[in-house]
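One structure is given here, and the rest of the page talks about it.
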Amino acid sequence: MITRVARALAAAGVEAPRAEAEQLAAYVLEVPRGRLALADGFTPAQRDRLDALVGRRVTREPLQHLLGSAGFRHLELAVGPGVFVPRPETELLAGWGIERAREYAAPLVVDLCSGSGAIALAVAQEVPAARVVAVERSPAALAWLRRNAAGRAAAGDRPIEVVATDVTDPDLLADLAGRVDVLLCNPPYVPRSVAVPPEVAGHDPDEAVFGGADGLDVIRPVVGRAAVLLRPGGAIGIEHDDTHAAAVPALLRGDGRYDRVAEHRDLAGRSRFASASRRADGTHADPAPAWQTDSS
């Protein structure tokens with residue numbers, strides 16, 4: 001049965017057909033994936049249910065929508081239509097932010113473009129002393145964010161604060177100006193001209209994926225506003241497209257209020273996110289003069 005499902009998924013272009021076939025089978029059988037070999041066979045009703053799920057997956061409906069959840073670090077988050085499905089690569093940014101937050105006794109952490117709440121809730125779970133503020137503007141995504149936040153609070157994690165607003169608002173979180181220890185952001189950053197997989201094009205919200213012509217429409221105002229929100233010495237981490245390895249660090253340096261700008265790569269060597277610190281003296285350095293040609 002699983003082999004047949006894997007073949008169907010492979011024929012539809014799914015990247016990891018065997019793994020997904022096992023996940024779907026385990027979901028239908030209501031057993032952990034690691035115990036599939038010990039499970040009884042499928043009943044006719046379970047076989048029909050599995051076939052129905054496979055029929056949806058071969059149309060490239062996201063696996064996480066079929067399962068109703070997505071794993072992120074130590075969490076299982078509810079996801080579905082209207083919210084961006086958190087990706088494993090974002091765990092790198094979350095992990096970096098968690099390490100920065102652990103440097104403080106009672107850190108204030110802000111998660112911009114929170115979506116499902118993946119980053120915010122991971123920080124709240126792994127840094128129990130942290131006050132975590134999650135910002136999201138989409139009504140559909142906010143419903144998933146609040147659902148996940150309530151679920152994690154009921155499970156015993158420290159409750160997070162959810163703020164419904166646009167992260168490009170020039171007065172964003174004005175009451176927190178100069179107080180934030182760690183600011184994290186996984187914004188829409190894909191350049192508009194880039195072709196994305198069917199699971200993204202057909203199901204992830206457009207506003208959570210694309211960041212304008214060059215992918216930086218949200219990142220630019222976030223860089224500026226974060227410098228106001230962060231306390232001196234506070235840290236910022238921004239996920240970006242792998243074509244932005246130079247562009248996002250350049251925005252941070254060019255702002256003049258950051259130092260210790262760094263670019264971070266994933267295990268495959270792809271540029272994944274940029275980080276920086278708010279200048280410890282709280283001042284605004286003069287940006288380097290723009291390079292010009294003789295004909296400028």
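One-based numbering along the sequence shown.
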### Message
When you group the ILVMFWY residues by side-chain heavy-atom contacts below 4.5 Å and let the links chain together, are Trp144 and Phe84 in the same group?
### Response
no
#### Entry: Heavy-atom pair with the smallest gap, counting every atom of Glu207 and Ser138
OE2-CB, 3.3 Å
## Note on the structure
The reported gap from CD in Glu126 to CZ in Arg102 (rounded to nearest 0.5 angstrom) is 5.5 Å
If you look only at distance, which donor and acceptor atoms sit under 3.5 Å apart when one is on a side chain in residues 188-196 and the other is two or more places apart or in another chain?
{"residue": "Tyr189", "atom": "OH", "partner": "Glu239", "partner atom": "OE2", "Å": "2.8"}
{"residue": "Arg192", "atom": "NH1", "partner": "Asp206", "partner atom": "OD1", "Å": "3.0"}
{"residue": "Arg192", "atom": "NH2", "partner": "Asp206", "partner atom": "OD2", "Å": "3.0"}

### Summary
Residues joined to Leu53 in its hydrophobic cluster, side chain to side chain under 4.5 Å directly or through other members, sorted by chain and number, are Met1, Ile2, Val5, Leu9, Val14, Leu24, Tyr27, Val28, Leu29, Val31, Leu36, Phe42, Leu50, Val54, Val58, Leu63, Leu66, Leu67
## Note on the structure
Test side chain to side chain contact (heavy atoms under 4.5 Å, CB included), reference Val180, set Leu173, Leu230, Val133, output is Leu230
### Query
side-chain hydrogen bond (donor to acceptor under 3.5 Å, both in side chains) with Asp214: which residues, sequence neighbours excluded?
Arg220
### Task
Report the C-alpha distance between Val248 and Leu216 in whole Å, list the side-chain angles of each, state the deciding distance to 0.1 Å, and finish with yes or no for side chain to side chain contact (heavy atoms under 4.5 Å, CB included).
CA-CA 8 Å; Val248 175; Leu216 299 171; 3.9 Å; yes
### Query
Could you give the distance from CZ (Arg7) to CZ (Arg18), rounded to the nearest 0.5 Å?
9.5 Å
### Message
Is it true that, when you exclude Arg260 itself, more than 12 heavy atoms of the residues, nucleotides or ligands shown sit nearer than 6.0 Å to its CZ?
### Response
no
### Query
Do the side chains of Leu251 and Val167 join up, straight or via other hydrophobic residues, at under 4.5 Å, putting them in one cluster?
yes
### Query
Backbone N or O of Val85 within a donor-acceptor pair of the Asp204 side chain at under 3.5 Å?
yes
### Summary
Residues Asp255 and Gly224: closest non-hydrogen pair is OD2-CA, 3.9 Å
### Message
Taking salt bridge (charged side-chain N to carboxylate O under 4.0 Å, His left out) as the definition, give me every residue that meets it alongside Asp51, ordered by chain and number, with sequence neighbours left out.
### Response
Arg4
### Task
Locate the shortest heavy-atom distance separating Asp259 from Ala280; write the atom from each residue and the value.
OD2-N, 4.3 Å
### Query
Are a donor atom and an acceptor atom from the side chains of His240 and Glu263 found within less than 3.5 Å of each other?
yes
### Task
Quick one: pull up CD1 in Ile219 and CG in Leu112 and give me the separation to the nearest 0.5 Å.
11.5 Å
### Summary
Heavy atoms of Ala134 and Ala120 approach each other most closely as CB-CB, 3.8 Å
### Task
Output, in order, the C-alpha distance, side-chain angles, deciding distance and verdict of side chain to side chain contact (heavy atoms under 4.5 Å, CB included) for Cys113 and Val218.
CA-CA 10 Å; Cys113 304; Val218 176; 4.2 Å; yes
### Task
Decide side chain to side chain contact (heavy atoms under 4.5 Å, CB included) for Glu61 and His203; before the verdict, give the C-alpha distance in whole Å, the side-chain angles of both, and the deciding distance to 0.1 Å.
CA-CA 7 Å; Glu61 184 174 348; His203 300 279; 3.9 Å; yes
### Side-chain hydrophobic cluster, 4.5 Å single linkage: members besides Leu92
Phe72, Leu75, Leu77, Leu93, Trp96, Ile98, Tyr104, Val109, Ile119, Leu121, Val123, Val127, Val132, Leu142, Leu145, Ile160, Val162, Val182, Leu184, Phe273
### Task
Look up atom CZ in Arg35 and atom CZ in Arg33, then write down how far apart they are to the nearest 0.5 Å.
15.5 Å
### Query
Is Arg131 close to Arg158 at the side-chain level, that is, under 4.5 Å between some pair of heavy atoms?
yes
## Note on the structure
For Leu252 and Ala274 the tightest heavy-atom approach is CD1-CB, 4.0 Å
## Note on the structure
Separation between OG (Ser114) and CZ (Arg146), nearest 0.5 Å, reads 11.0 Å
### Task
In sequence, state the C-alpha distance, the side-chain angles, and the governing distance for Ser275 and His264, and then conclude on side chain to side chain donor-acceptor pair (under 3.5 Å).
CA-CA 8 Å; Ser275 67; His264 302 259; 2.7 Å; yes
### From Asp169, Thr165, Asp166, residue fulfilling side chain to side chain contact (heavy atoms under 4.5 Å, CB included) relative to Val135
Thr165
### Query
If only atom types and distance count, is the side chain of Arg60 paired as donor or acceptor with the main-chain N or O of Ala12 below 3.5 Å?
yes
### Task
Please round to the nearest 0.5 Å and tell me the distance separating atom CZ of Arg147 and atom OG of Ser116.
11.5 Å
### Message
Checking salt bridge (charged side-chain N to carboxylate O under 4.0 Å, His left out) between Glu199 and each of Arg57, Arg87, Arg56, which is the one that passes?
### Response
Arg57
### Query
Between Ile238 and Val228, is there a shared hydrophobic cluster once you connect ILVMFWY residues whose side-chain heavy atoms come closer than 4.5 Å?
no
### Residues in side-chain hydrogen bond (donor to acceptor under 3.5 Å, both in side chains) contact with Arg272, at least two apart in sequence or another chain
Asp266
### Query
Between the main-chain N or O of Ala227 and the side-chain N or O of Arg278, is there a donor-acceptor pair closer than 3.5 Å?
yes
### Task
Identify the two heavy atoms, one from Pro32 and one from Ala26, that lie closest to each other, and give their separation to 0.1 Å.
C-CB, 4.2 Å
### Within one Ile-Leu-Val-Met-Phe-Trp-Tyr cluster: Val163 and Val83, side-chain cutoff 4.5 Å
no
